[in-house]
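Chain naming here is simple, since letters A, B, ... match the order of the sequence lines and numbering starts at 1 in each. It should be emphasised that the depicted structure is a prediction, and the values quoted were computed from it without experimental measurement.
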Protein chains: 2
Amino acid sequence: MNRAVGEKEGVKGASGRRSPCPVACCLDLMGDRWTLLVVRDLMMGAERFKEFTASPEGIPTNILSDRLGRLLESGVVVQVAAADGSRHPAYRLTEKGRELIPILGAMRDWGLKWEEGTRVMAGREG
Amino acid sequence: MNRAVGEKEGVKGASGRRSPCPVACCLDLMGDRWTLLVVRDLMMGAERFKEFTASPEGIPTNILSDRLGRLLESGVVVQVAAADGSRHPAYRLTEKGRELIPILGAMRDWGLKWEEGTRVMAGREG
DNA sequence: CATCATGCTTGCAAAATGAAAGCATGATGC
DNA sequence: GCATCATGCTTTCATTTTGCAAGCATGATG
């Protein structure tokens, strides 16, 4: 991992926060073009590295690796033993991660209403 | 403005879209650390350039200028004549912009619940 | 006409992004 | 048991974005 070299935060005291505003804090963690797409994929049932890269947006592998690392750090995601017996562990949303659903839901609704040509994509589990 | 040089989209056909997913599309427009904070400030009653720079996160002026330009382009914001008689026009949310409220609300709720030390800030209008 | 406030733009160094290639590890084939 | 392959990353590096600081245009003010 290319962050967290010599710093050990993560448990609670996220230091580099721009302000106490909960929206700003959320954006400190999720404010980029990829993080919430990874969370979206997790909600759609994606668990393995390859599955995230297969999404239509085509996330670069170094970005995916970095984002999964940050999501692990912030407790939105955990790694669990893969159910299909694979040697590689699977990524799974925590309760904290699952509670991001309302944000994604609001974004989906807004996009569908205001941006022509958008449509919900078929997922692994409808 | 440093974008939209030689391209005329804006009316509808946002070309550079990564996928038809409404979440991805929303993130194409709002997926960065500042855009939604500008929208938050607009919701709190901010209308003038100086007011946005006064928020605790301290947005750089070049970023603010760029984001206001993008929000104007995407129809989330309009410029109207200032009510206080100032020569400078004020920025105001459109209906499309006001409908971003559920996204900000969900982020605020999530931040308050999961990130210690966050709290809603006093705004111009409660 | 000098000074100031507002609303930007410009310059530039540092950080993030992203395409492509490289690498480690375990399973598979023979 | 050794080459091959798939998965899951890491590294490299050119390009883009960020963000601090300074500059600049315009209209009000003294």
Side-chain angles (χ1 to χ4, degrees), chain A residues 1-7 15-19 24 27-38 41-42 46-73 77-92, chain B residues 1-5 7 16-19 24 27-38 41-42 46-73 77-92:
Chain A
M1 227 168 288
N2 44 13
R3 289 151 293 94
V5 180
E7 46 186 350
S15 40
R17 196 175 283 175
R18 288 176 292 175
S19 85
L27 289 170
D28 283 338
L29 297 172
M30 316 281 171
D32 73 279
R33 288 156 40 79
W34 292 111
T35 303
L36 283 173
L37 289 185
V38 172
D41 289 348
L42 283 159
E47 297 194 321
R48 308 288 295 281
F49 198 90
K50 199 73 177 293
E51 297 181 294
F52 297 104
T53 65
S55 283
E57 293 84 13
I59 186 170
T61 56
N62 54 343
I63 304 286
L64 174 56
S65 187
D66 178 76
R67 295 304 187 277
L68 286 170
R70 285 178 200 252
L71 290 171
L72 284 168
E73 258 184 50
V77 158
V78 282
Q79 282 181 312
V80 300
D84 66 335
S86 163
R87 67 208 129 97
H88 296 293
Y91 296 96
R92 202 73 65 83
Chain B
M1 226 165 290
N2 44 14
R3 289 151 294 95
V5 180
E7 47 187 349
R17 197 175 281 175
R18 288 175 292 173
S19 84
L27 289 170
D28 283 337
L29 297 172
M30 316 281 169
D32 72 279
R33 287 156 40 80
W34 292 110
T35 302
L36 283 173
L37 289 186
V38 173
D41 289 348
L42 283 159
E47 296 194 321
R48 308 287 295 280
F49 198 91
K50 199 71 176 294
E51 297 180 293
F52 297 104
T53 65
S55 283
E57 293 84 11
I59 185 171
T61 56
N62 55 344
I63 303 284
L64 174 57
S65 187
D66 179 76
R67 295 304 187 275
L68 286 171
R70 285 178 200 253
L71 289 171
L72 284 168
E73 257 183 51
V77 158
V78 282
Q79 282 181 311
V80 300
D84 66 336
S86 164
R87 68 207 130 96
H88 295 293
Y91 296 96
R92 201 73 66 81

For this session: Grab the stems for DNA chain D, please: at least three consecutive Watson-Crick or wobble pairs, both distances below 3.5 Å, written as range with range.
Result: C:1-30 with D:1-30

Seminar exercise, completed: On DNA chain D, more 5' by nearest nucleotide between A:N62 and B:P60 is A:N62

Exercise. Under a 4.0 Å N-O cut-off, is there an ion pair linking B:D28 with A:R33?
Worked result: yes

For this session: Just call it for A:F52: base, sugar-phosphate, or nothing, with non-hydrogen atoms closer than 4.0 Å on any strand.
Result: nothing

So do [Y] and [X] actually touch side chain to side chain, heavy atoms under 4.5 Å?
{"X": "A:V80", "Y": "A:E47", "answer": "no"}
{"X": "B:Y91", "Y": "B:R48", "answer": "no"}
{"X": "B:L68", "Y": "B:V38", "answer": "yes"}
{"X": "B:Q79", "Y": "B:L72", "answer": "yes"}
{"X": "A:L64", "Y": "A:T53", "answer": "yes"}

Within less than 4.0 Å of OP1 or OP2 of [N], is there a side-chain N or O belonging to [X]?
{"X": "A:R67", "N": "C:dT17", "value": "yes"}
{"X": "A:T61", "N": "D:dC9", "value": "no"}
{"X": "A:W34", "N": "C:dA16", "value": "no"}
{"X": "A:R33", "N": "C:dG18", "value": "yes"}
{"X": "B:R48", "N": "C:dG7", "value": "yes"}

What is the distance, rounded to the nearest whole Å, between atom [atom1] of [X] and atom [atom2] of [N]?
{"X": "A:R87", "N": "D:dC9", "atom1": "CZ", "atom2": "P", "answer": "11 Å"}
{"X": "A:E51", "N": "D:dG8", "atom1": "CD", "atom2": "C1'", "answer": "13 Å"}
{"X": "B:E47", "N": "C:dG7", "atom1": "CD", "atom2": "P", "answer": "11 Å"}
{"X": "B:I63", "N": "C:dA14", "atom1": "CD1", "atom2": "P", "answer": "17 Å"}
{"X": "B:L68", "N": "C:dT9", "atom1": "CG", "atom2": "P", "answer": "10 Å"}
{"X": "B:Q79", "N": "C:dG7", "atom1": "CD", "atom2": "P", "answer": "11 Å"}
{"X": "B:K50", "N": "C:dC4", "atom1": "NZ", "atom2": "P", "answer": "14 Å"}
{"X": "A:R70", "N": "C:dA15", "atom1": "CZ", "atom2": "P", "answer": "13 Å"}

Seminar exercise, completed: Nearest-nucleotide check on DNA chain C, A:G58 vs B:P89; residue mapping nearer the 5' end is B:P89

Exercise. Taking all atoms of both residues into account, what is the closest heavy-atom pair of A:T35 and A:R67, and its distance?
Worked result: OG1-CD, 3.2 Å

